[in-house]
Structure formats: C-alpha cells, structure tokens
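Single-structure report; data block below.
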Protein chains: 2
Amino acid sequence: MSRTPHHPTREQIELPMVLDCLSDPIRLAIVYQLAQQERVSSELRCSDFSALSGKSNLAYHFAKLRDCGLMRTRVAGTNRFMRLRREDLEARFPGLLDAVLSSAAKDADRLPLVSGCELVEVDRK
Amino acid sequence: MSRTPHHPTREQIELPMVLDCLSDPIRLAIVYQLAQQERVSSELRCSDFSALSGKSNLAYHFAKLRDCGLMRTRVAGTNRFMRLRREDLEARFPGLLDAVLSSAAKDADRLPLVSGCELVEVDRK
DNA sequence: TTGATAGTTCAATAAACATTGAACATAGGG
DNA sequence: CCCTATGTTCAATGTTTATTGAACTATCAA
C-alpha cells in the first residue's frame, strides 16, 4: 500500500473527469456532505460514509474522487481523512464547485445522504 | 419517427443526469459551441457538428442531451435545430450552466471543437 | 504478540456506455 | 415522381463502470 495515495496537481484537474465524478449520486452525496461539514471540521473519515455502501465500494468511489482532483486524502494512522480541494478547484474552474453544491442542495432530498446524527466527528489527530 | 422528440419537463431535470451528460467531451463541446453561437443564432443543426463524429453517433449524443434536459430539438422539414434550454436550467440549477460553460471556456483547447469557419449558420426557417 | 479496527486491492459479474455501419423515414427540389 | 440531403433507429461490438465478497496490509491498544 503506497504511503500517500496519488493526487493530481492543480493543473492536471480535467473538467470532464470532475463532472463525471460528480455525476454519480454516491460521489455527489460524499462531496455534498463534505462541504456541509466544512464549517465544523473540514475533514471526514471514510467510515463516516459507511451508510452509503460497503467498504470496498466506498474505497472505489474515494479513489475516483481523488483521481479527478476533487478531494485530498490525508493518512493518519489507520484512518484516512478526506477534504475537498476547494482552493484548487476554485483556481481551476471558478464558481463551478459552488454551483454544483448549491444545485445539490436544492435537490438534497434526491441524494443518498447519511443522516446528520451519524456525522459526529469531533476528535482529530 | 415520432414527430417531436421527447423532452423532460423542467422539474424532471436531474442533476446527476445533467452532470453525466456534460462529462462526455463530445457532448460538452456541443453544449459549449451552442452557447458560443447563441449571440448569433441560438440554434444549430445536427450537421453543423459532423466534424465531431459520424451521424449515428451524433444522434446518440443528441438524444442524451435532450433526455437530460440540456437541449431542445425543433424539427423543421428535414433539419433539426438544437438550442440550449437556458431558462429551464437556470430555474432548476441557478448558475450551474454558466459555471460549466466558463470552465469549458478556460479549457477550450482541450475540447474537440468544430473550427469556427465550419459554423456558418445564416439561413433559418 | 495478539486481536481488533480501518482501508485497500483483487477478481468476478452485470449493467451501462460509446462507436460503427446498415437500414429506414421524411421532406424538398429537380 | 425519383433523387438527394438530413437524421433516426437498430443490431453488433468492445469498453468502461459500479458493485460484491474475499484476501490482504497497516496501525493501534491491551
């Protein structure tokens, strides 16, 4: 297992890949909840999303989110903390992420969201 | 052949379908060029994009663009004129289309665009 | 060192997708 | 009325995708 997973540079972020990544309801829900949580902690663990799907399927989606440049994964012990690459996305495609997020917010009832009380991240390392 | 192809209502437009539609480089290029052309004519024929792919493949992509609510097709004789559903998209997902379009503009060199002089739409019916 | 926890990787599978060419439908011009 | 131009539909093909479970790796804590 590589110590730090691969992330594209800012310039390597491609628009079609980003849109494709966001077009999957599970991944869109992950990105949306990550954004929702930003005012609290800005990072969530993989396991915080375990209500959405199985571990291996989530790992697959997380890899796609990393590969397209939407999220960054920080390894801390046996946990991996995910955060949105807001600055990079804003620099690359100004306004895009916010437009997608507010669109997702309008249709939040159509997203497979983890219920709020399941997201109780407090302790960080 | 049905006289008028199927189009979703404004409320039926779904975010994941729209993003998925825009994630294909050919479809993104079609939408982008349609937007570019808006100040001139707002409509383009299918055959205006023949440089992008074969007829049947374009018909496939046009159908997806219609099905997800991004474009409307108007039948006029043997031609079909396509136009962006700007108002519907703006009402449904405010700011999204413009954010995608300006992102596409930043990366226009990475899109499979039809060269400008091939888009010489003048006569309309 | 043993066991539990957190994630990744791999192989297998079914569904969806993009692309092609051939056949078809429709309208307009000689 | 034929011929052509414009698009659609269908079947076939190969590719990519999402999902699953099992096996694996790494870290932490007792």
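In what follows, chains carry the letters A, B, and so on, assigned in the order in which the sequence lines appear, proteins first and then strands, with residues in each chain numbered from 1. Predicted model only: the values in this text are computed from it and were never measured. Note: hydrogens, waters and symmetry copies are ignored here, and every other heavy atom, side chains too, is used.
Distance CZ (A/Arg74) to P (C/dA6): 16 Å, rounded to an integer number of Å. Spacing between atom CG of A/Leu65 and atom P of C/dT8 amounts to 12 Å, rounded to whole angstrom units. A straight line from CZ of B/Arg27 to C1' of C/dA16 spans 12 Å, rounded to a whole angstrom. The distance between atom CG of A/Asn57 and atom P of C/dA15, rounded to the nearest whole Å, is 16 Å. Taking atom CG on B/Asp20 and atom C1' on C/dA18, their separation rounds to 12 Å, with Å as the unit. We find that CG of B/Asp67 is positioned 11 Å from P of C/dC17, with the value rounded to whole Å. B/His6 has its NE2 atom 17 Å from the C1' atom of D/dT8, to the nearest Å. In this structure, the CG atom of A/Leu52 is 12 Å from the P atom of D/dT20, given to the nearest Å.
Relative to the side chain of A/Cys46, the nucleotides C/dG7, D/dT8, D/dT17 differ in distance, and C/dG7 lies closest. Distances were taken from every side-chain heavy atom of B/Ser47 (C-beta onward) to each of D/dG7, D/dT20, C/dC17; the shortest belongs to D/dG7. Among the nucleotides C/dA6, D/dG7, C/dT19, the one closest to any side-chain atom of A/Arg45 is C/dA6. Picking from D/dA18, C/dT20, C/dC17 the nucleotide with the shortest atom distance to the side chain of B/Ser53 gives C/dT20. Across C/dT8, D/dT17, C/dA18, the shortest atom-to-atom separation from the side chain of B/Lys64 is found for C/dA18.
One finds no side-chain N or O of A/Arg80 lying less than 4.0 angstrom from the OP1 or OP2 phosphate oxygen of D/dA26. A close approach under 4.0 Å does occur between a side-chain nitrogen or oxygen of A/His61 and OP1 or OP2 of D/dT19. Close to D/dT27, at under 4.0 Å from its OP1 or OP2, lies no side-chain N or O of A/Asn79.
Each of A/Ser56 and A/Thr78 was assigned the nucleotide of DNA chain D with the nearest heavy atom; the assignment lying further toward the 5' end belongs to A/Ser56. Between A/Leu58 and B/Ala59, it is B/Ala59 whose nearest contact on DNA chain D lies nearer the 5' terminus. Each of A/Phe62 and B/Lys55 lies near DNA chain C, and the nucleotide nearest A/Phe62 is the one positioned closer to the 5' end.
For the atom pair CZ of A/Phe49 and CG of A/Leu34, the computed distance is 5.0 Å after rounding to the nearest 0.5 Å. With rounding to the nearest 0.5 Å, the separation of CE in B/Met17 from CG in B/Leu22 is 11.5 Å.
Using a 4.0 Å heavy-atom cutoff across all strands shown, A/Ile26 reaches sugar-phosphate atoms only and no base atom.
No side-chain heavy atom of B/His61 sits less than 4.5 Å from a side-chain heavy atom of B/Leu52. Using a 4.5 Å heavy-atom threshold, the side chains of A/Pro5 and A/Val75 count as touching. Using a 4.5 Å heavy-atom threshold, the side chains of B/Lys64 and B/Asp20 count as touching.
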